[in-house]
Structure formats: C-alpha cells, structure tokens
Amino acid sequence: MNKRIFLSAPHMGGNELNYIQEAFDANYIAPVGRNIDEFEKQIKEYTGAKYALAVSSGTAAIHLALRVLGIKDGDEVMASTFTFIGSVAPILYERCTPFFIDSDTASWNLDPNLLEEELSQRAATGKKQPKALIVTHLYGQCADIVRIQNICEHYGVHLIEDAAESLGATLNAQHTGTFGKLGIYSFNGNKIITTSGGGMLVSDDEALLSYARHLSTQARDDAPHYEHNEYGYNYRMSNITAGIGRGQMEVLSERIKRRREIFNLYQKELNIIEGLSFMPELPSSVGNRWLTTILLPVHLSPEKIRVTLEKENIESRPLWKPMHAQPLFRDAKGCINGTSDTFFKKGICLPSSSSMNNDDIQRILSLLKPLLNC
Ligand SMILES: Cc1ncc(COP(=O)(O)O)c(C=O)c1O
C-alpha cells in the first residue's frame with residue numbers, strides 16, 4: 001500500500017521537544033508555567049492582539065467568549081451557518097438560541113448583505129437584536145470582516161471571530177481574530193499549527209480577558225481555601241502542550257508559505273477545467289490556505305472523488321455540512337439562501353498538509369485529472 005496522505009497532518013518544527021523538556025526540567029507538569037506564558041506572548045506579538053489566554057480547545061475559547069459577554073439563557077446568537085460544530089455548540093451550552101446566516105460567493109464566508117438586511121429590518125420593526133454574532137473565517141480565508149464589524153457596531157451586536165482555521169490570515173494587514181470584541185484560534189491536531197489539542201482566546205479588552213482567565217480556572221477567587229462566587233471551568237492549556245505551541249510558532253510563517261504553494265500547485269494544474277473553481281480570496285486579504293478547497297463541475301460528485309482517493313490511501317473531505325442543515329438545528333431560524341448548501345453539495349477539501357512534497361501532490365493530481373477529464 002502506498003504511504004497514506006492525510007488531509008492536514010501535524011508538522012513539527014524541531015524545537016517542540018526542547019520546550020517540553022524544559023517543562024519537565026522545571027517540573028511544571030501543570031496548567032501553569034513558562035511555556036504557557038511564552039506561547040501567549042508569541043500569539044500576542046504575532047497577531048497584534050493585546051491580550052491572549054491559552055485554553056484547552058478552540059471550542060472552550062468560544063464558550064468563554066460567550067460567558068464573559070454575559071450571554072446566556074434564551075439570548076439569541078447569530079452565527080455563520082457554513083462552519084464546524086465547535087463554532088456554535090457553545091451557543092447551546094449557554095442555553096441560547098442560534099440564528100444562522102448564509103455565505104456569499106465572494107468569500108464563501110458569512111454574507112454581510114444578508115446580515116445587514118436582517119438587522120436593519122429588525123431595527124425598523126422594533127424586533128429584538130441578537131446579543132452576538134460568531135463569524136467564522138473558514139478554511140483559512142478571511143470573511144468580509146471589516147464590513148461585518150461595521151454592521152455589528154452600528155446595531156450594537158458583540159462580534160466574536162472564530163479564527164480557529166485562519167491563524168495568520170489577514171485583511172488590510174490586520175490579523176483575523178483581532179477585529180471583533182473577542183477572537184479565537186484552534187490548535188487541534190489538523191490545524192495549520194498544533195498543540196495536539198488546544199485553543200487561544202484573544203481580545204484588546206483587558207477586563208474581558210482577565211474574567212475569561214478567572215472562568216478558565218474554575219472561577220477560583222483569591223483565597224487560600226478556594227472561595228467561589230460563581231462556577232467556571234477547567235479550561236486551561238497544559239504547560240506540556242504549550243511547549244509544542246511555542247515550537248510551532250517558530251515555523252508558522254513557513255507553514256503558511258507552504259500551504260499557499262500547495263494551493264498554487266493545485267490551481268495551476270486544475271484551473272483549466274470548465275466549471276471547477278477554488279475558494280476565493282477577498283481583495284486586500286491574504287489567507288493561510290489551511291485547506292485547498294474546490295467546487296466541482298456539475299457532472300462530478302465530491303463523493304466519487306473522495307472514494308477514489310481513499311482507495312489509494314489518500315484522505316480528502318467534503319466541505320462542512322452547513323449548521324442549518326444539521327438535524328441538531330432543524331428548528332433553528334436563519335437567513336438561508338442556498339449558497340452554503342451548494343458548497344456542501346459540490347465541494348471537496350483536497351489534501352493540504354504542509355509536510356507534503358511535490359511528488360505527493362503529483363500522486364494526487366494523477367488520480368484527480370482523469371476523473372476531471374483532463
Ligand atoms: C471553524 C472551527 N471552529 C471551531 C473549532 C473548534 O476548535 P477545537 O477543535 O480546538 O475545539 C474548529 C476546529 O476544530 C473549527 O474548524
């Protein structure tokens with residue numbers, strides 16, 4: 001059997017084990033320690049966010065974002081429908097009501113026109129506005145985030161950015177995750193950099209971030225006997241996994257460079273195919289191209305491609321099934337116009353690991369091209 005090609009494999013830089021060793025030497029085998037402090041510092045320096053909190057997952061970071069904004073019990077939260085469940089499950093953790101917004105074709109991310117129409121109509125008819133909007137920058141590409149930010153500000157809606165997949169992606173040279181009141185990144189095993197599992201919450205608001213830090217450590221008040229006025233969570237990142245993060249940050253720019261090269265290689269070879277298109281990049285934005293994603297010509301099914309590649313030990317994946325189409329959210333309301341449904345029906349994520357060499361990509365292309373009739 002040929003060597004397996006994964007969709008998005010972890011890719012170590014080399015220094016990760018040294019930082020883990022450092023934690024062992026200091027005996028900081030705990031959710032506190034130098035690796036955590038340094039990793040948070042690296043993220044702040046890299047993204048320009050003023051404050052950062054390393055946590056156990058991206059989902060935990062989104063949950064904390066809702067908690068620190070006081071969003072709970074029947075509050076309405078709008079969200080991108082074209083996303084992964086981790087974006088929106090925290091809405092349910094807090095017993096809130098989701099309202100999904102469809103994608104546009106220019107970014108494949110949340111459509112600012114649909115958002116504006118909905119919020120302006122609510123304003124005109126005196127209908128309650130949502131408390132927050134969770135917008136996802138999917139597959140490493142920027143949503144139309146400046147417009148979305150302006151709309152949220154105008155209608156007094158808190159903006160939370162799910163930049164789980166888009167660390168390093170920028171619009172007008174500003175990092176995704178830093179436009180909203182709060183932003184999150186994920187370091188799950190398949191992300192552009194990984195800590196095996198982990199996340200980061202960022203904000204320019206010191207009070208919000210220090211409250212999140214408090215909630216992430218079981219909301220323990222400052223008393224030797226552990227006083228509690230409210231409940232929190234055990235959401236801190238381990239000092240061991242933060243050591244992996246420290247090493248990974250040293251190679252993040254290289255990882256983005258390689259993912260973008262891989263995207264360009266696919267594009268050069270496949271762009272000639274009638275009816276096939278690649279996930280676009282908005283003007284003035286630079287994505288991290290975490291995954292190369294394509295929409296197939298009408299006559300081709302993503303499942304056929306997936307199965308053919310899988311037979312040759314190559315992993316690919318359908319695009320995310322939109323949240324409004326998930327049985328879990330069958331009763332949820334939203335502004336849905338079919339755009340993300342089409343993406344789901346016609347789209348596929350191609351193997352995009354930064355550790356792939358050009359021969360790996362040629363192996364994939366040699367299977368794809370006959371299927372695509374070229
Ligand atoms: C868009 C998106 N949001 C949220 C998450 C949740 O992150 P985590 O897996 O670290 O909880 C992920 C990734 O897994 C994701 O891809």
Side-chain angles (χ1 to χ4, degrees), residues 6-10 39 43 52-67 77-94 98 100-101 103 107-110 132-143 145 148 159-169 176-177 179-180 182-202 212 216 233-238 241-242 244-245 248 259 279 287-293 315 317-324 326 328-329 340 343-344 347 349 352-353:
F6 289 98
L7 184 69
S8 182
F39 187 31
I43 286 284
L53 172 70
V55 290
S56 53
S57 71
T59 311
I62 293 178
H63 188 198
L64 289 170
L66 292 177
R67 271 293 303 271
V77 178
M78 287 187 172
S80 307
T81 190
F82 192 40
T83 191
F84 169 70
I85 186 69
S87 280
V88 294
I91 299 174
L92 303 182
Y93 300 172
E94 286 305 313
F100 295 114
I101 309 271
S103 296
S107 71
W108 293 16
N109 284 307
L110 186 136
L133 170 73
I134 303 172
V135 61
T136 304
H137 303 279
L138 217 54
Y139 301 124
Q141 261 55 259
C142 297
I145 193 67
I148 292 168
L159 176 61
I160 299 168
E161 278 177 272
D162 178 348
E165 301 176 357
S166 70
L167 179 63
T176 54
F179 291 83
L182 295 136
I184 75 101
Y185 304 108
S186 167
F187 309 110
N188 197 26
N190 63 4
K191 294 295 181 289
I192 194 142
I193 60 164
T194 183
T195 57
S196 82
M200 192 79 69
L201 180 67
V202 295
S216 72
Y233 314 92
N234 182 3
Y235 274 172
R236 285 317 311 275
M237 182 179 277
S238 149
T241 55
I244 307 176
Q248 288 274 277
R259 297 249 180 185
M279 186 173 188
N288 68 14
R289 295 292 187 198
W290 171 55
L291 295 184
T292 292
T293 53
E315 186 187 19
R317 193 165 66 192
L319 297 191
W320 297 125
K321 181 172 183 176
M323 290 302 118
H324 71 265
Q326 297 286 357
L328 173 65
F329 292 117
S340 58
F343 293 158
F344 175 57
C349 306
S352 304
S353 304

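Every number for a ligand or one of its atoms is a count from 1 in the order of the listing. The model shown is predicted, which means the values in this text are computed figures rather than measured ones.
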Atom indices of ligand 1 within 4.0 angstrom of Ala164 heavy atoms, with elements: 2 (C), 3 (N), 4 (C), 5 (C), 12 (C), 15 (C)
Shortest protein contact, atom 11 (O) of ligand 1 (heavy atom only): Thr59 OG1, 2.5 Å
Residue selection (non-hydrogen contact nearest atom 13 (C) of ligand 1) among Met200, His63, His137, Lys191: Lys191
Verdict with reasoning, Thr81 to Ser340, per side-chain hydrogen bond (donor to acceptor under 3.5 Å, both in side chains): CA-CA 8 Å; Thr81 190; Ser340 58; 4.9 Å; no
Ser186, any N or O under 3.5 Å of ligand 1 N or O: yes
Heavy atom of Ser87, distance to ligand 1 below 4.0 Å: yes
From Asn188, Leu138, Ile85, Val55 - option closest to atom 9 (O) of ligand 1 by heavy atom: Asn188
Sub-4.0 Å heavy-atom contact, Gly198 with ligand 1: yes
Ring geometry between Trp290 and Tyr139 (parallel below 30°, tilted from 30 to 60°, perpendicular above 60°): parallel
Ser166 side, atom OG; Tyr185 side, atom OH - distance, nearest 0.5 Å: 7.0 Å
Identity and distance of the protein heavy atom lying nearest atom 16 (O) of ligand 1: Glu165 OE2, 2.6 Å
Numbered atoms of ligand 1 (with element) below 4.0 Å of Thr136, judged on heavy atoms: 1 (C)
From Ile193 atom CD1 to Asn288 atom CG, the distance as rounded to the nearest 0.5 Å: 10.0 Å
Distance (rounded to the nearest 0.5 Å) between Leu167 CG and His137 NE2: 11.5 Å
Protein contact of atom 4 (C) of ligand 1 - nearest heavy atom, named by residue and atom, plus distance: Asp162 OD2, 3.4 Å
Centroid-centroid distance, His324 to Phe100, less than 6.0 Å: no
Geometric class of the Tyr93/His63 ring pair [parallel <30°, tilted 30-60°, perpendicular >60°]: perpendicular
Note, Tyr235 side chain near Thr59 side chain (heavy atom, < 4.5 Å): no
Protein residue, atom and distance nearest to atom 5 (C) of ligand 1, heavy-atom basis: Phe84 CD2, 3.6 Å
